[in-house]
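Owing to the predicted nature of the structure, the values given are computational and were not obtained by experimental measurement. First the proteins, then the strands, lettered A, B, ... as listed; each starts at 1.
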Amino acid sequence: MHTPAESRTAPRWIFWLLPILALAIPLATNPYTQFIINAMLIYTLVTLGFSVVIGNLGQLAFANTAFFGIGAYASAMAGNALGLPWLLTVPLAGLAGAAGGFLASAAALRGIRLYYLAIVTLAFGELMRWFYTHAGALTGGTDGLALDRGDIFGLQLNSDTVQFYIFLLLTTLLVAGTVNLLRSRLGRAIVAVRENEIATASLGIATSRIIVTAFVWSGFVVGIAGAMFALHTGRVFPESFGLTQLIINFAMVLVGGLGSVIGAVLGAVALTALPEYVRAFPGMEEIFFGVIVMVVLLVMPKGLASLLRRVSPIFHETHHRD
Amino acid sequence: MTSLLTVDHLGVHFSGLKALDDVSFSLEAGQVRAVIGPNGAGKTTLFNAISGYVRPTHGSVRLNGAEIAHSSPHSISARGLRRTFQNGGLFPALTVLENVMTGLHMQTEGNFIQILFGLRQARQAERDAAAKARRLLKLMKMDQMADIPASELSGGQQRIVEIIRTVASEPPLLLLDEPAVGLSPIARAQMMEIIKRLSGENGVGILLIEHAVELVMAAADRILVMAAGMRIAEGTPAEIRNDKTVLEAYLGHA
C-alpha cells in the first residue's frame with residue numbers, strides 16, 4: 001500500500017515536459033488567447049509565492065499583493081527613471097519584492113501571528129497602494145506609470161508571443177527553484193515550523209531564519225511576477241494592487257490547493273480563464289465567478305491538486321495536508 | 001573533570017511564584033537520571049529552563065562546562081542537548097521519514113543557492129540524509145512506517161519516532177519528557193529497552209521525567225525527587241525507595 005518515496009514522486013524529467021510542450025502554444029493562439037495565457041504564467045508565480053507563505057509556512061500573511069505591486073512599480077520606475085531595459089528591471093523587481101517579504105517577515109518574527117498578522121499585512125498592502133497614489137512624481141499617481149517596452153536583441157517586447165516565451169522561461173525557472181526549495185531540508189523545515197514551531201527549534205533549527213527565508217523567497221517570486229505584469233499590461237496603476245486582486249489571488253491558492261506547487265499552477269490557470277468565460281453573461285460576471293469558486297471549494301476542499309493526486313501518485317507532493 | 005550537564009542553583013521565579021527553586025545536580029555521559037515528583041512539582045519547568053524554552057531567573061546550566069542558561073532553544077539544541085515533548089512533538093503532515101530527516105537538518109549540507117538550483121551537492125546531501133534516516137528507522141523496526149504521515153501512527157509509535165528523530169543527530173545529551181506516558185505495557189518495555197541502549201551502548205546522557213515507577217527504578221542510575229519546585233531528595237533508586245521525605249511528598253503526610 002505504501003510505496004517508497006522515490007517512486008511516489010515524479011521523476012525529475014517529467015517536470016520539464018510541461019514547459020517544453022508549452023513552447024508550441026503560440027502556434028494555436030490568437031492575440032486575445034495569447035494575452036490570457038501570458039496572464040496565466042504571471043498568476044502562476046503570484047499564486048505560488050502566496051502559497052509558500054500561507055500553505056507551507058502556515059502564516060496568515062496577506063502582503064502578497066503588496067509584493068506584486070512592489071515588483072511591478074520597481075520595474076516600471078527603473079525603466080522610466082533610470083532608462084533600464086525591461087529585462088534588467090526583472091532582477092530589481094525580484095529584489096524589491098524580496099525586500100517587501102523581509103519586512104513582512106519582521107512582523108511575524110515580532111510575534112504578530114494569525115489574525116494580527118493578517119491585518120498588519122493587509123494594512124501594508126493598502127499603505128503601498130496609498131503610496132502609489134500619492135507619490136505622483138515617482139509613481140504617476142492615479143494615472144499610473146506607462147512602460148516604454150522597447151526590445152531585447154531586436155525582438156519587440158510588445159509582442160505577446162515574445163512576452164510568452166520570456167514569461168514561460170521565467171515561470172519555469174522560478175517554479176523549478178521553488179520545487180527544489182520545498183523538497184530540500186529548508187522546505188521540510190518550513191512545513192515543520194507550520195506544524196510545530198517549538199519542536200522545530202528543539203532540533204537545532206533557527207525557526208526565525210526559516211520564516212524569513214520563506215517570506216523572502218515568496219516576495220522574490222511575486223516581485224518578478226510584478227515585473228512581468230508591468231510588461232504585460234504596459235502600464236501600472238495603484239488599483240491593480242488592491243483588495244480585489246488580493247481576493248482573487250487568495251482564491252487561486254485555495255482553488256488550486258493550499259501549499260501545493262501543482263495546485264498553484266492549476267489555480268492560476270483556472271481562475272485566469274474563468275472570468276473570460278463568465279464574460280458571456282454581462283452584469284453577472286462576479287456572481288458567476290463567486291459561485292463557481294464556492295462550488296469548487298465545497299466539492300474539493302483540498303483544491304484541484306487533490307483531484308490529480310487521486311488520479312496518479314506521481315502528482316503526490318511532499319508536505320501537503322491531506 | 002567537567003560533567004556533561006551541570007545544573008547549579010537553578011531557579012525560575014515569576015513575580016513571587018517559585019516554579020523552580022534552587023535545584024542543583026549533574027549528569028555524566030552514559031548516565032540515566034530520572035526526575036520524579038507529584039504533578040506541579042516543577043519537572044517540566046526544569047526541562048524548559050535547561051533547554052531554553054523558559055528563561056531561568058537564578059543559577060546556571062552548563063553543558064560540558066559552557067554556560068547555556070540564557071541561550072535560545074535552537075542554539076542549545078545545536079550544541080548537543082536535545083529533548084522530546086510531553087504532548088508529542090512530531091510534525092503530523094510530514095511522513096515518518098521526513099520527521100527523522102528534520103532531526104538531521106543541521107547535519108545536512110547544502111546552502112540556499114545549491115538547494116535552489118538543485119545542484120549535485122545539495123541533492124547528494126538529501127539522499128544521504130534519507131538513507132541515514134531509513135537506517136535509524138530500520139534499527140528501531142519502524143522502516144515499514146517510513147512513508148506514511150506521522151499523524152497515522154499510534155501513540156506509542158509516535159513516541160518512538162520522536163525519539164529516533166531526536167537522537168538522529170547523535171546528541172550527547174537527551175531530555176525525555178514522559179516518554180512512556182499512555183503506552184501499552186509492551187511499548188513501555190520497548191521504550192525502556194531503547195533508553196538503556198542509548199545510554200549503555202551509545203553513551204548518551206539521559207535526563208528523564210517519568211511517572212511509571214517500575215520504568216524509573218529499572219532504567220535510572222540516579223533519581224532526583226522534586227516537590228513544589230524544589231529538590232527534596234536525590235540518590236540511587238534503592239536509596240529513594242526507602243526515603244521518608246519522598247514517601248511523605250507522594251502520600252501527603254504532613
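- Across Gly204(A) and Ser77(B), no two heavy atoms sit closer than the pair N-OG, 2.8 Å.
- Interface remark: Ser51(B) contributes no atoms to any contact with chain A (heavy atom separation under 4.5 Å).
- Using a 4.5 Å cut-off on side-chain heavy atoms (C-beta onward), Ile115(B) and Arg185(A) make contact.
- For a residue to count as touching a neighbouring chain, one of its non-hydrogen atoms must lie under 4.5 Å from one of that chain's; by this rule Ser75(B) does not touch chain A.
- Interface remark: of the candidates Ala176(A), Ala189(A), Ser202(A), Gly177(A), Ser202(A) forms the most heavy-atom pairs closer than 4.5 Å to chain B.
- Of the listed residues (Arg83(B), Arg79(B), Met101(B)), the one with the most heavy-atom contacts under 4.5 Å to chain A is Met101(B).
- Contact count against chain B (heavy-atom pairs under 4.5 Å) is highest for Thr200(A) among Thr213(A), Thr200(A), Thr207(A).
- Residues Phe91(B) and Val191(A) are not in side-chain contact: their nearest non-hydrogen atoms beyond the backbone lie 4.5 Å or more apart.
- Neither the backbone nor the side chain of Gln114(B) has a heavy atom closer than 4.5 Å to any heavy atom of chain A.
- Around atom CZ of Phe112(B), more than 12 heavy atoms belonging to other residues, nucleotides or ligands sit under 6.0 Å away.
- Environment of CD in Gln86(B): crowded, with over 12 heavy atoms of neighbouring residues, nucleotides or ligands closer than 6.0 Å.
- Crowding of Leu173(A) atom CG: a count of heavy atoms from other residues, nucleotides or ligands under 6.0 Å exceeding 12.
- Residue Ile198(A) touches chain B through both its backbone and its side chain, counting heavy-atom pairs closer than 4.5 Å.
- Applying the side-chain hydrogen bond (donor to acceptor under 3.5 Å, both in side chains) test between Arg188(A) and each of Glu98(B), His105(B), Glu126(B) identifies Glu126(B) as the sole match.
- Using a 4.5 Å cut-off between heavy atoms, Phe85(B) contacts chain A through its side chain alone, with no backbone atom that close.
- Annotation: Arg127(B), atom CZ; neighbour count of heavy atoms from other residues, nucleotides and ligands within 6.0 Å is above 12.
- Using a 4.5 Å heavy-atom cutoff, the side chains of Leu116(B) and Leu181(A) are in contact.
- Of all non-hydrogen atoms in Ala93(B) and Arg194(A), the two that sit nearest each other are CB-NH2, 3.4 Å.
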